[in-house]
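We use all heavy atoms of the structure for the numbers below, so side chains are in, but hydrogens, waters and symmetry mates are not. By convention in this document, chain letters (A, B, ...) are assigned in the order of the sequence lines, proteins followed by strands, and residues within each chain are numbered from 1.
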Amino acid sequence: MEKELIARVRKRPKIYDLLPKIIVPIAVIILWVVITQLKLVRPIFIPAPQNLWNSFIGMYEILPGAMLTTIIMTLSGFAIGVTFGTVSGLVMAYSKTIRDLLGTIFDFMRPVPVFALIPLFILWFGIGRAPQIALIALGTSVVLGVTTLEAIRNVPTIYIRAALTLGADRGRIYTTVIVPYIIPHLIGAIRVAAAASWGLDVAAEFMGSQQGLGYLIIMQQTYLRTAGIILLVIVYSTLAVIMDTLIATIERRITRWTERRTSIGVVASIVGSS
Amino acid sequence: MENQLPGVSTPERKIKIRIERIDFSYSDNPKDQKVIDDFNLDVFDQEFISVVGASGCGKSTLLNIIAGLLPPTHGKVWLDGEIVTKPGQDRAMVFQDDAVFPWYTVRQNVEYGLKAQKTDTSERKAIVDQVLKLVGLTESQNLFPRQLSGGMRKRVDVARALAIKPKVLLMDEPFAALDVLTKGKLQEEFLNIWNDNRMTVVFVTHDLEEAIYLSDRVVVMSNHPGRVRRVVEVSFARPREIDLKTVPEFQSMRRDLSHEFDQSIE
């Protein structure tokens, strides 16, 4: 057992590392080609690769505009939501009065399914980008608000005691102890919120949007163009993956100080970081 | 008694800290066991005093009360004739656990208190350079704490406290988590620093050898509730070398205190 764990530590040639990672996707693609070539399933359920390509050619001209709309909306909603959520978490931790005032609302809103609010949002903000951005912002801010408050509660008291004896006041402790401490803890929530914001965007665009990728999906559905839907889903996934990778890169830059699990050794192989 | 101003200089020695009838318990229920019960002690200016006692005797609690981090249930702590109500830069603290901020470099940690004081940049730089040199961290000043050993991190902690030039240094078992060799080395280094930069030190530990080696007086605390059981003067000449620990008088004092210590636990 131990021998096996240690053996895994040794560096192997790159191709052997890569192979297990791509074997499943390749199998899926082969399966897809086989199924569609042998016409085992009707193309309306699973279209052939060729259909996807045709669909791409068909949407080629409107795709960049729709992508831009979707990216702008998702990023605006995400940015507003993360900022608002983090700031309200910090403010609630800082002041008991504000915590008492806002805490109940936060607790009440947390379990509310955001999608259920879509009709209300359309009613209040009208059709267009405003209600969609508001929906994304709301969905992400709740996640961040709760995580921020929780992360602040977990700041080890020793750091706060040390800062107090060194003469720091409440405000300074917030900027120099609490914020640096919670950032690595917030990254996980930010990544979840980023992924969720694409989903929220799709939902928002399904309801009364006139542009964007989600709107295109609805159009494809109307004409039963399955290939188009799959293509747009792939576009959404790609955008979400790019965003997640960007956040992970930024995370590594700003949390250089954290004690990372080393990527070698028995412990690493047990927790899956090797 | 209440109207009398404590902490007034006596002809012989100035009293720096007066701990007056301190009680501490975690609940208001009078039936509950007090952690500290009627603790009285005067600490002189520039004195190095150690408080020893078994785990849970309330010695860390006492230190937190002096620091102003915990309010006593009854009684008062006076510092230079003023009642302690909150933490202040006249008292710095070094903790047992790792209290160095891991998100700051060594240098940023050391300048933390000075920034809080809003010391001007050039003066801050001079003090930080001096303190880093004092604890031998000049080379490592731009490293993050995770890149340092436990002993080095403890030096950062001490340097951070020294940088604000406190009148009183409160030390809560600062070297307890270190290995024996590192511990001995840090005791010696710290004693040398203190010798050249005298200040009042209240040092909490359960290591009798450490207490005797460092201190002018050793206070043995009793357990459940925490009280002063005995105060012992340590009159070995300063500066003290590490070899002092092997001198027969040192060992006999240690045996004597050890006996007292055992009885305090019972």
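Annotation: A:Tyr159 is in aromatic contact with B:Trp103 [ring centroid separation under 6.0 Å].
Ranked by heavy-atom pairs shorter than 4.5 Å toward chain A, the options B:Pro87, B:Ala163, B:Ala67 are led by B:Pro87. Contact count against chain A (heavy-atom pairs under 4.5 Å) is highest for B:Leu69 among B:Ile164, B:Leu69, B:Val94, B:Asn64.
In this structure, A:Arg99 is not positioned above the aromatic face of A:Tyr94 in the sense of NZ or CZ being under 6.0 Å from the six-membered ring centre and within 45° of the axis.
Proximity to chain A is absent for every atom of B:Asp157, based on heavy atoms less than 4.5 angstrom apart. Contacts between B:Lys115 and chain A at a heavy-atom distance below 4.5 Å involve backbone atoms as well as side-chain atoms.
For A:Ile105, the CD1 atom is loosely surrounded, since the number of other residues' heavy atoms within 6.0 Å does not exceed 12.
With sequence neighbours left out, B:Glu111 forms a side-chain hydrogen bond (donor to acceptor under 3.5 Å, both in side chains) with no residue at all.
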